[in-house]
Novice: 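Below is the structure I would like to discuss, written out as structure tokens.
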Amino acid sequence: MTVPRLDVDGVSRSFGGIRAVRAVSFALEPGRITGLIGPNGAGKTTLFNLIAGTLKPDEGRIRFEGRALAGLGPGAVARLGLARSFQATSVFPGLSVREHLHRAALLRHAGRPADLLRWRVLAAARRAAGERAAELLDFAGLAGVAETEAAALPYGLQKILGVVMALAGGAHMLLADEPAAGLNPTETLRMGALLRAIHRKRGVDILLIEHDLRMVMALCDRIVALGDGAVIADGPPALVRRDPAFVAAYLGGDADAA
Ligand SMILES: Nc1ncnc2c1ncn2[C@@H]1O[C@H](COP(=O)(O)OP(=O)(O)OP(=O)(O)O)[C@@H](O)[C@H]1O
């Protein structure tokens with residue numbers, strides 16, 4: 001059997017008395033866009049934090065491409081190729097769009113300060129990061145705003161930059177955290193097209209948390225639905241949207257709303 005891209009096995013996490021994530025298991029084959037959905041408070045963000053290494057599970061194991069993530073922090077997880085979308089404006093205040101991508105590309109070396117003390121290594125890393133930034137500017141359609149300060153971009157472009165920054169370090173899998181939140185319909189379509197291009201043209205798998213069900217249904221090969229911290233439905237969109245547990249928990253019983 002193929003090694004799953006991401007294998008979440010019996011993962012639980014509580015905060016005080018609240019069991020935010022309860023014995024969640026799913027394995028994602030390579031080559032997929034997967035949606036992680038559920039009502040407010042269902043545990044999506046907690047699960048993302050557990051996968052990205054920001055939080056540690058109380059129980060269970062998470063493997064990325066066969067490697068256990070236990071004990072790794074967010075930087076180490078990202079360097080393995082599992083990267084989370086950034087909040088573009090809060091990362092490097094005052095820096096341009098190009099500089100954001102350049103810094104994000106350099107971050108993959110940040111855990112190896114000894115390397116960076118050797119100027120040859122640093123110079124080569126800077127050059128490669130510059131090339132990568134230029135290529136990503138073109139890929140994401142951001143070349144026209146490359147020298148604009150990231151914080152001054154329209155919100156939709158800031159969200160695009162935050163997603164593309166996650167690719168700058170060479171990710172094989174992108175954790176996209178509500179990329180359409182706060183976007184208007186045109187911006188949402190552009191974001192959907194970008195995610196599809198990231199997957200199809202760059203071969204990056206995506207795990208997508210998103211409240212915009214239309215986007216999730218259109219983009220995803222598979223949907224994992226959480227309710228009250230546990231998996232309540234898991235499968236292709238056409239099946240999940242008719243799953244009684246999903247309909248009851250997420251849509252208040254109205255299957256046609258999905
Ligand atoms: N740091 C924390 N301390 C205490 N409780 C927390 C913490 N983080 C999350 N929770 C609780 O865990 C549960 C799951 O929250 P989580 O944010 O993961 O849900 P979510 O599905 O991402 O919700 P939303 O769609 O609103 O972002 C909620 O009851 C929340 O209040």
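Computation of the quantities below employed the complete heavy-atom set of this structure, encompassing side-chain atoms and omitting hydrogens, waters and symmetry-equivalent molecules. Since the model is a prediction, treat every value here as computed from it, not as a measurement. Counting starts at 1 for both ligands and their atoms, following the listed order.
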Novice: Near ligand 1, which residues have a heavy atom under 4.0 Å away from one of its atoms?
Specialist: Phe15, Ile18, Ala20, Pro39, Asn40, Gly41, Ala42, Gly43, Lys44, Thr45, Thr46, His211

Novice: Before accepting this row, confirm whether a basic side-chain N of the pair Arg190/Glu187 lies closer than 4.0 Å to the acidic partner's carboxylate O.
Specialist: no

Novice: Of all heavy-atom pairs between Ser85 and Ala176, which one has the smallest distance, and what is that distance?
Specialist: OG-CA, 3.7 Å

Novice: Only one of Leu175, Leu219, Leu195, Thr34 passes side chain to side chain contact (heavy atoms under 4.5 Å, CB included) with Ile206; say which it is.
Specialist: Leu195

Novice: When you measure from the centre of the six-membered ring of Phe139, is the NZ or CZ of Arg202 closer than 6.0 Å and no more than 45° off the axis?
Specialist: yes

Novice: So if you build clusters from Ile, Leu, Val, Met, Phe, Trp, Tyr with side-chain heavy-atom gaps below 4.5 Å, do Ile33 and Met191 land together?
Specialist: yes

Novice: Identify the residue among Val224, Asp177, Ile51, Leu174 that makes a side chain to side chain contact (heavy atoms under 4.5 Å, CB included) with Leu207.
Specialist: Ile51

